[in-house]
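Step one of this worksheet: look at the structure below.
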Amino acid sequence: MTQDSALPAGSTIGILGGGQLGRMLALAAAKLGLKSHIYCPDPQSPAFDVTPFKTVAAYDDTAALKAFASQVDVITYEFENVPAQTAEILAGLKPLRPGAKALAISQDRLAEKGFLASKNIPVAPYRAIHSLDDLKAAAAEVGLPAVLKTTRLGYDGKGQRVLRDASELEAAFNALSPHPLVLEGFVPFSKEISVVVARGLDGSVKSFDPAENVHRDHILYTSTVPAELAMIVERQAGMIAKAIVIALEYVGVLGVEFFVVETDGKTSLIVNEIAPRVHNSGHWTEAVCLTDQFEQHVRAVAGWPLGNPQRMADVVMQNLVGDEVDMVPNGLDGDTQPHLYGKAEARPGRKMGHINRIVRSSV
């Protein structure tokens, strides 16, 4: 089998990370007759419930990584913060999809924004912050309010501070680490949307419809499809997402988050961030697409032709966070599709599952 050939049924996909995304990838692989081997340091990983093949070891355990690679045919990941050395070791042993380039760019907010700007893709004004003096100068340049962020490891609102006044600069700079940081200009957006896009091993690209996202306490609460967008804006979002995966020479599914900005009657898009993996705002595809985002990712990394992402109904995806998971099963009806992640403990802020609800036309 060559690097560019499709994996036959019965092959094994190695997945770094054992959370809900790894779990759903393993379930999708099983539908296609492919096996999954999960690598995760947490012995209670929910992905372990759906496949018998697992490795419980640290991401810097070289011997365990080599043994893992020897038992799989291709390697992918469910989260973007895979250590660079881990990716380097594995990529030298088996195909790593998406590749190390996408990981390196998406792990660092400065690298990500620089990459996007170099491709003429609109991003919020930003500055690298190495010192408090840098922050003071950048705040004067970019203006306040602005958002100060760590360059790595932040998600769901973690690793960032909103700055509204110059008196807040020093405390925010000292509270966030490691340095450097990045200061992003505040974007007066009207809504947030995202596009989940896939690129196959053969270079083909297919996108799902944009989702309109609402966050609560910095965590995604709902994704509604179709998004309330003009057709030209919807097409523009898809074109930007396609340009990103082509520029990255990407293989797999990628999430692109956008701010929608309304200025003087004109609508524009600003890319907030990219995620080199299946995406929370794409969970709706499970209920209403012939090929959902998880199967699409498996198809791509296995070298299979991409599936049809066409949407067949309107839908709202709602995350179940913390004890909201208790609404299953009594809160269900015939138009709902629940997906629980098998996590042992419901904690505040912890994603425990999601529900897809079909929206039927009143006409």
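Hydrogens, waters and symmetry mates are skipped; everything else that's a heavy atom, side chains included, is used.
Between the side chain of Lys119 and the main chain of Ala243, no donor-acceptor pair closer than 3.5 Å is present. The main-chain N or O of Ile15 is never found under 3.5 Å from a side-chain atom of Glu78 such that the two would form a donor-acceptor pair. Here the side chain of Asn319 pairs no donor or acceptor atom with the backbone of Val321 at under 3.5 angstrom. With hydrogens and angles disregarded, a donor-acceptor distance shorter than 3.5 Å links the side chain of Lys94 to the backbone of Ala69. With Thr291 contributing its side chain and Asn308 its backbone, the two residues share a donor-acceptor pair below 3.5 Å. Checking side-chain atoms of Arg97 against main-chain N and O of Val74 turns up no donor-acceptor pair under 3.5 Å. Side chain of Glu184 to main chain of Ala124: no donor-acceptor pair is present (N/O by atom type, distance under 3.5 Å, no hydrogens or angles). Of the possible donor and acceptor atoms, none in the side chain of Ser106 sits under 3.5 Å from a partner among the backbone N and O of Pro276. The main-chain N or O of Ile274 is found under 3.5 Å from a side-chain atom of Glu112 such that the two form a donor-acceptor pair. No donor-acceptor distance shorter than 3.5 angstrom exists from the side chain of Trp304 to the backbone of Ala6, with no hydrogens or angles considered.
Between atom CZ of residue Phe48 and atom OG1 of residue Thr55 there is a gap of 7.5 Å, rounded to the nearest 0.5 Å. Between atom CG of residue Asp49 and atom CG of residue Leu27 there is a gap of 10.0 Å, rounded to the nearest 0.5 Å. For the atom pair NE2 (His179) and CG (Leu132), the distance works out to 9.5 Å, reported to the nearest 0.5 Å. In this structure, Leu181 CG and Thr151 OG1 are separated by 7.0 Å, a value rounded to the nearest 0.5 Å. Within the model, atoms OG1 of Thr62 and CG of Leu65 stand 6.0 Å from one another, a figure rounded to the nearest 0.5 Å. Put simply, CE on Met312 and SG on Cys289 are 6.5 Å apart, with the number rounded to the nearest 0.5 Å.
Residue Val56 forms a side chain to side chain contact (heavy atoms under 4.5 Å, CB included) with just one option from Cys40, Pro43, Pro41, and that option is Pro43.
In plain terms, the two heavy atoms of Gln107 and Arg152 that are nearest each other are O-CG, 3.2 Å. Of all heavy-atom pairs between Gly303 and Leu201, the closest is CA-CD2, 3.9 Å. Ala211 approaches Ala227 most closely through the heavy-atom pair C-CB, 4.1 Å. Of all heavy-atom pairs between Gln44 and Asp42, the closest is N-OD1, 2.9 Å.
Val253 is not connected to Val256 by any chain of hydrophobic side-chain contacts under 4.5 Å among Ile, Leu, Val, Met, Phe, Trp and Tyr, and they are in different clusters. Put simply, Leu93 and Leu16 are part of the same group of oily side chains (I, L, V, M, F, W, Y) that touch within less than 4.5 Å, one to the next. Val196 and Ile244 are not part of a single hydrophobic cluster, where members link through side-chain heavy atoms under 4.5 Å apart. Under the 4.5 Å side-chain heavy-atom criterion for ILVMFWY residues, a single connected hydrophobic cluster contains both Val271 and Ile193. Hydrophobic cluster membership differs between Leu220 and Val214, with clusters built from Ile, Leu, Val, Met, Phe, Trp and Tyr side chains linked at under 4.5 angstrom.
For Asp323, the salt bridge (charged side-chain N to carboxylate O under 4.0 Å, His left out) criterion is met by no residue, not counting sequence neighbours. In this structure His130 satisfies the ring pair (Phe, Tyr, Trp, His ring centres under 6.0 Å) test with no other residue, sequence neighbours excluded. Take His279 and apply the ring pair (Phe, Tyr, Trp, His ring centres under 6.0 Å) test, not counting sequence neighbours, and it matches no residue. Not counting sequence neighbours, the partners of Asp209 by the salt bridge (charged side-chain N to carboxylate O under 4.0 Å, His left out) test are Arg311. Applying the salt bridge (charged side-chain N to carboxylate O under 4.0 Å, His left out) rule to Glu80 yields the partners Arg277; only residues at least two apart in sequence or on another chain are considered. Listed by chain and number, the residues in a ring pair (Phe, Tyr, Trp, His ring centres under 6.0 Å) with His297 amount to none (sequence neighbours excluded). Applying the ring pair (Phe, Tyr, Trp, His ring centres under 6.0 Å) test to Phe68 and every residue at least two apart in sequence or in another chain returns His37, Tyr39. Partners of Asp335 under the salt bridge (charged side-chain N to carboxylate O under 4.0 Å, His left out) rule, at least two apart in sequence or in another chain, are Arg360. Evaluation of the side chain to side chain donor-acceptor pair (under 3.5 Å) rule for Asn174 yields no partner, not counting sequence neighbours.
Of the N and O atoms on the side chains of Ser223 and Asn213, at least one donor lies less than 3.5 Å from an acceptor on the other residue. Using modelled atom types, one finds no donor on one side chain facing an acceptor on the other under 3.5 Å when comparing His354 with Gln20. Between the side chains of Asp202 and Ser204, at least one donor-acceptor pair of N or O atoms lies under 3.5 Å.
Counting only residues at least two apart or on different chains, the ring pair (Phe, Tyr, Trp, His ring centres under 6.0 Å) pairs with a member in residues 183-209 are Phe189-Phe259. Every pair passing ring pair (Phe, Tyr, Trp, His ring centres under 6.0 Å) that includes a residue from residues 75-122 is listed here, sequence neighbours excluded: Tyr59-Phe79.
The local environment of NZ in Lys242 is sparse, with at most 12 non-hydrogen atoms from other residues, nucleotides or ligands closer than 6.0 Å. The number of heavy atoms from other shown groups lying within 6.0 Å of NZ (Lys149) is above 12. Heavy-atom contacts from other residues, nucleotides or ligands closer than 6.0 Å to NZ of Lys66 number 12 or fewer. At most 12 heavy atoms of other shown residues, nucleotides or ligands fall within 6.0 angstrom of atom CD in Gln85. Dense packing is recorded around CD of Glu262, with more than 12 heavy atoms of other residues, nucleotides or ligands lying under 6.0 Å away.
Between Val195 and Pro210 the shortest side-chain heavy-atom distance falls below 4.5 Å. Using a 4.5 Å heavy-atom threshold, the side chains of Leu148 and Leu169 count as separate. Within the 4.5 Å cutoff, no side-chain heavy atoms of Leu290 are placed close to those of Gln310. Counting heavy atoms from C-beta on, the side chains of Ser177 and Thr150 never come closer than 4.5 Å. Within the 4.5 Å cutoff, the side chain of Lys351 has heavy atoms near those of the Asn280 side chain. At least one side-chain heavy atom of Glu286 sits less than 4.5 Å from a side-chain heavy atom of Met24. In this structure the side chain of Leu183 reaches within 4.5 angstrom of the side chain of Leu163, judged on heavy atoms. Under the 4.5 Å side-chain criterion, counting only non-hydrogen atoms from C-beta, Val260 is in contact with Leu269.
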Exercise for review: Carefully, step by step, assess Asp165 and Ser167 under the rule side-chain hydrogen bond (donor to acceptor under 3.5 Å, both in side chains).
Suggested key: CA-CA 5 Å; Asp165 187 87; Ser167 63; 2.6 Å; yes
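We find that Arg127 and Asp134 are not joined by a salt bridge, their nearest charged nitrogen and carboxylate oxygen being 4.0 Å or further apart. Under 4.0 Å is where a charged nitrogen must lie from a carboxylate oxygen, and between Arg161 and Glu168 no such pair does.
Residues near Met239 contribute nothing to a hydrophobic cluster around it, because no ILVMFWY side-chain heavy atom sits closer than 4.5 Å to its side chain.
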